[in-house]
Amino acid sequence: QVQLVESGGGLVQAGGSLRLSCVASGRTFSRYALGWFRQAPGKEREFVAVISWSGGRTNYADSVKGRFTISRDNAKNTVYLQMNSLKSEDTAVYYCGASSGTSVPMSRYEYGYWGQGTQVTVSS
C-alpha cells in the first residue's frame with residue numbers, strides 16, 4: 001500500500017504561482033512513477049504531469065508545458081508540482097497518483113494509488 005497526501009493548493013490570481021506537494025508513505029516510494037492529474041467540475045480527471053521513479057524522465061500535458069514543472073525528492077518521499085503563469089482554466093482539484101513500473105504513464109488507469117486531492121482556484 002502507498003498513502004499519498006497532497007498540499008499546497010489555494011486561491012491565486014491569474015499569472016501567479018503555486019507549488020503543490022505530495023508526501024508518500026508505505027511501500028518504497030522510489031519504485032513508483034508519480035503523476036499529477038486534475039479534475040474540474042463536470043469533467044473527467046485529466047493528466048497533467050508525470051515523473052519516473054528515478055526522476056530522469058518526465059511527461060507533461062500540452063496545456064501545461066512551459067508553465068508547470070514536476071520534480072521529486074526520494075529522500076523526502078515527496079513529489080512537487082511547480083505551477084507558474086496560472087490561468088483560470090487551471091482551476092481544478094489536483095490529485096497525486098502513484099504507478100508501479102519504470103514507465104511514465106499518462107493514463108489514469110495505470111495508477112493504483114491516489115491522494116485525496118487539493119483545490120487550486122485561479123481567479124481572472
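Worth saying up front: this structure is predicted, and the values here are computed from it rather than measured.
Distance alone, capped at 3.5 Å, is enough to place a donor-acceptor pair between the S99 side chain and the E110 backbone. Y111 contributes a side-chain N or O that, together with a main-chain N or O of P105, makes up a donor-acceptor pair within less than 3.5 Å. Side-chain atoms of R67 come within 3.5 Å of backbone atoms of S63 as a donor-acceptor pair (strictly under, hydrogens ignored). Checking side-chain atoms of S88 against main-chain N and O of V122 turns up no donor-acceptor pair under 3.5 Å. Looking at E6, its side chain never comes within 3.5 Å of a backbone N or O of S21 through a donor-acceptor pair.
Rounding to the nearest 0.5 angstrom, the gap separating the CZ atom in R45 from the OG atom in S107 is 12.0 Å. L4 CG to T78 OG1: the interatomic distance, rounded to the nearest 0.5 Å, is 10.5 Å. Between the SG atom of C22 and the OH atom of Y94 there is a distance of 14.5 Å, given to the nearest 0.5 Å. Considering CG of L18 and CZ of F68, their distance stands at 9.0 Å, rounded to 0.5 Å. Separation of atoms OG (S124) and CD (Q13) is listed at 9.5 Å; rounding is to 0.5 Å. One finds the CD atom of Q82 at 5.5 Å from the OG atom of S17 (value rounded to the nearest 0.5 Å).
Residue F37 is grouped with residue V50 when hydrophobic side chains (ILVMFWY) are merged at heavy-atom distances under 4.5 angstrom, including chains of intermediate members. V12 and V48 fall within the same hydrophobic cluster, where Ile, Leu, Val, Met, Phe, Trp and Tyr residues are linked whenever their side-chain heavy atoms come under 4.5 Å apart, directly or through other members.
Counting heavy atoms from C-beta outward, V120 and L20 have side chains that approach closer than 4.5 Å.
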Show, in sequence, the C-alpha distance, side-chain angles and deciding distance for Q116 and Y95, and conclude whether the side-chain contact (heavy atoms from CB on, under 4.5 Å) test is met. CA-CA 7 Å; Q116 83 291 346; Y95 296 91; over 6 Å; no
Before giving the answer on ring-ring contact (aromatic ring centres under 6.0 Å, His included), spell out for F47 and Y60 the whole-Å C-alpha distance, their side-chain angles and the decisive distance to 0.1 Å. CA-CA 8 Å; F47 168 76; Y60 295 91; 8.1 Å; no
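Applying the side chain to side chain contact (heavy atoms under 4.5 Å, CB included) test between W36 and each of I51, V64, I70 identifies I70 as the sole match.
Residues L11 and S123 approach most closely at CD1-CB, 4.3 Å, considering heavy atoms. Across all non-hydrogen atoms, the minimal contact from V2 to A24 is CG1-CB, 4.3 Å. The minimum heavy-atom distance linking A49 with L81 is given by the pair CB-CD1, 4.2 Å. In this structure, A98 and L34 approach most closely via the heavy-atom pair CB-CD2, 3.8 Å.
Applying the salt bridge (charged side-chain N to carboxylate O under 4.0 Å, His left out) criterion to R38, with sequence neighbours excluded, gives E46, D90. Not counting sequence neighbours, the partners of T121 by the side chain to side chain donor-acceptor pair (under 3.5 Å) test are Q119.
Side-chain atoms of R72 and N74 include a donor-acceptor pair closer than 3.5 Å.
For R31, the CZ atom is loosely surrounded, since the number of other residues' heavy atoms within 6.0 Å does not exceed 12.
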